[in-house]
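This report refers to the structure that appears directly beneath it.
Proteins come first, then strands; the chains are lettered A, B, ... in the order of their sequence lines, and each starts at number 1.
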There are 2 protein chains.
Amino acid sequence: MEKLDSSKYALHAKILKALAHPTRLFIVDALGKKEHCVCELTQMIGADTSTVSKHLSLLKNAGIVGIEKRGTNVYYTLKIPCALNFLRCSREVMEASLAEQIKAIRKQ
Amino acid sequence: MEKLDSSKYALHAKILKALAHPTRLFIVDALGKKEHCVCELTQMIGADTSTVSKHLSLLKNAGIVGIEKRGTNVYYTLKIPCALNFLRCSREVMEASLAEQIKAIRKQ
DNA sequence: TGGTTATTTGGCAATATAGCCAAAGATAAA
DNA sequence: TTTATCTTTGGCTATATTGCCAAATAACCA
């Protein structure tokens, strides 16, 4: 096992942190189906454009999404399809976790 | 696709957030090999016991680890082995991301 | 019981994050 | 150039997170 202070864990954490927000998960999910410009995503999400833009910039920084400018629009694409496996996997974690919590509640 | 305000994304994000810290990734990695008590993890990590305990409690809350008390020790175990697939997957994301960044630097 | 070790919890300060508004940049059309 | 649209950035406040110390709790042993 690598040492804690090695960069491995920090880099891992950075990727996970980038994905660890409901809005950003929604964005990754949407981009997994097709590219979208900021204005489309803004409408789907229903937040301020600047807020959505900042989420996108965060995802771009983590290398998860990429951009393509066309006219005045900026289209975002999912660069790492593996991120979707991530989500599938996290669903399993989530469901196992929920099942456990339900069991715990019933025990009371 | 589900709506943004559905609980799906929030629950996903909660799991990811729980994993999104270098120390907690280290812990999950370590517990993937064998159970450990708090004192062992504390020594490996080199932080205050209370800090490690709080990280563990956070992971427990997310349903990722479980505990077994033996004597005065509390042994933590990885409850969701899928979390390790997570890490493998995130490694791919990370490596793809790094490769991209290196490419970007060379372009300058 | 009292003492010892292991763990958790409360409290605090430093730092990071999220989301809004307003302003600045960028691009295209008139 | 002016205008309009799309996007990003700066600034701000509210909130959350992290990590340490100190104190409380738990379990065992003498």
**Prompt:** Quick one: Leu59(A) CG to dT8(D) P, roughly how many Å, whole number?
**Reply:** 12 Å

**Request:** Enter the distance from Leu59(A):CG to Leu31(A):CG here, rounded to the nearest 0.5 Å.
**Result:** 8.0 Å

**Message:** On the nucleotide dT7(D), are OP1 or OP2 found under 4.0 Å from the side-chain N or O atoms that Asn73(A) carries?
**Reply:** yes

**Request:** May I have the distance from Leu58(A) (atom CG) to dT8(D) (atom P), rounded to whole angstrom?
**Result:** 13 Å

**Asked** Just checking Lys60(A): base, sugar-phosphate only, or nothing, at a heavy-atom cut-off of under 4.0 Å?
**Response** nothing

**Atom-to-atom span, CD of Glu35(B) to P of dT7(C) - whole angstrom** = 12 Å

**Prompt:** What is the distance, rounded to the nearest whole Å, between atom CD1 of Ile67(A) and atom C1' of dT7(D)?
**Reply:** 10 Å

**Co-membership, hydrophobic cluster, residues Met44(B) and Tyr9(A), 4.5 Å side-chain** = yes

**Prompt:** Got a sec, which pairs hit salt bridge (charged side-chain N to carboxylate O under 4.0 Å, His left out) with one end in residues 60-69 of chain B, sequence neighbours left out?
**Reply:** Glu68(B)-Arg70(B)

**Request:** Taking only the side-chain nitrogens and oxygens of Tyr76(A), find out if one of them lies under 4.0 Å from OP1 or OP2 of dC6(D).
**Result:** no

**Complete:** To the nearest angstrom, the CD1-P distance between Ile45(B) and dT7(C) comes to 12 Å

**Prompt:** According to a strict under-4.0 Å criterion, is Lys17(B) in side-chain N/O contact with OP1 or OP2 of dT17(D)?
**Reply:** yes

**Contact pattern, 5' to 3', of nucleotides 19-29 of chain D - B, S or - by protein heavy atom under 4.0 Å** = SBBB----BS-

**Request:** Please state how far atom CD1 in Ile27(B) lies from atom C1' in dT7(C), giving the value in whole angstrom units.
**Result:** 14 Å

**Message:** Could you measure the distance from the NZ atom of Lys8(A) to the CG atom of Leu25(B)? Nearest 0.5 Å is fine.
**Reply:** 9.0 Å

**Message:** At 4.0 Å (heavy atoms only), tell me whether Tyr75(B) reaches a base, stays on the sugar-phosphate, or touches nothing.
**Reply:** nothing

**Message:** Give me each pair satisfying side chain to side chain donor-acceptor pair (under 3.5 Å) with a member in residues 37-47 of chain A, each pair once, sequence neighbours excluded.
**Reply:** His36(A)-Glu40(A)

**Item:** Whole-Å distance separating the CD atom of Glu68(B) from the P atom of dT7(C)
**Value:** 13 Å

Give me, pair by pair, the N or O atoms of the protein and of nucleotides 1-3 of chain D that are less than 3.5 Å apart, along with how far apart they are.
none

**Message:** Among residues at least two apart in sequence or on other chains, which ones pass side-chain hydrogen bond (donor to acceptor under 3.5 Å, both in side chains) with Asp48(A)?
**Reply:** Ser50(A)

**Between CG on residue Leu78(B) and CG on residue Asp29(B), distance to nearest 0.5 Å** = 9.5 Å

**Message:** Would you compute the distance between atom OG1 of Thr77(B) and atom CD1 of Ile64(B) and round it to the nearest 0.5 angstrom?
**Reply:** 12.5 Å

**Item:** Test side-chain contact (heavy atoms from CB on, under 4.5 Å) applied to His55(B) - qualifying residues, sequence neighbours left out
**Value:** His21(B), Thr23(B), Arg24(B), Ile27(B), Thr51(B)

**Asked** Atom CG of Leu56(A) to atom C1' of dT9(D): distance rounded to whole Å?
**Response** 14 Å

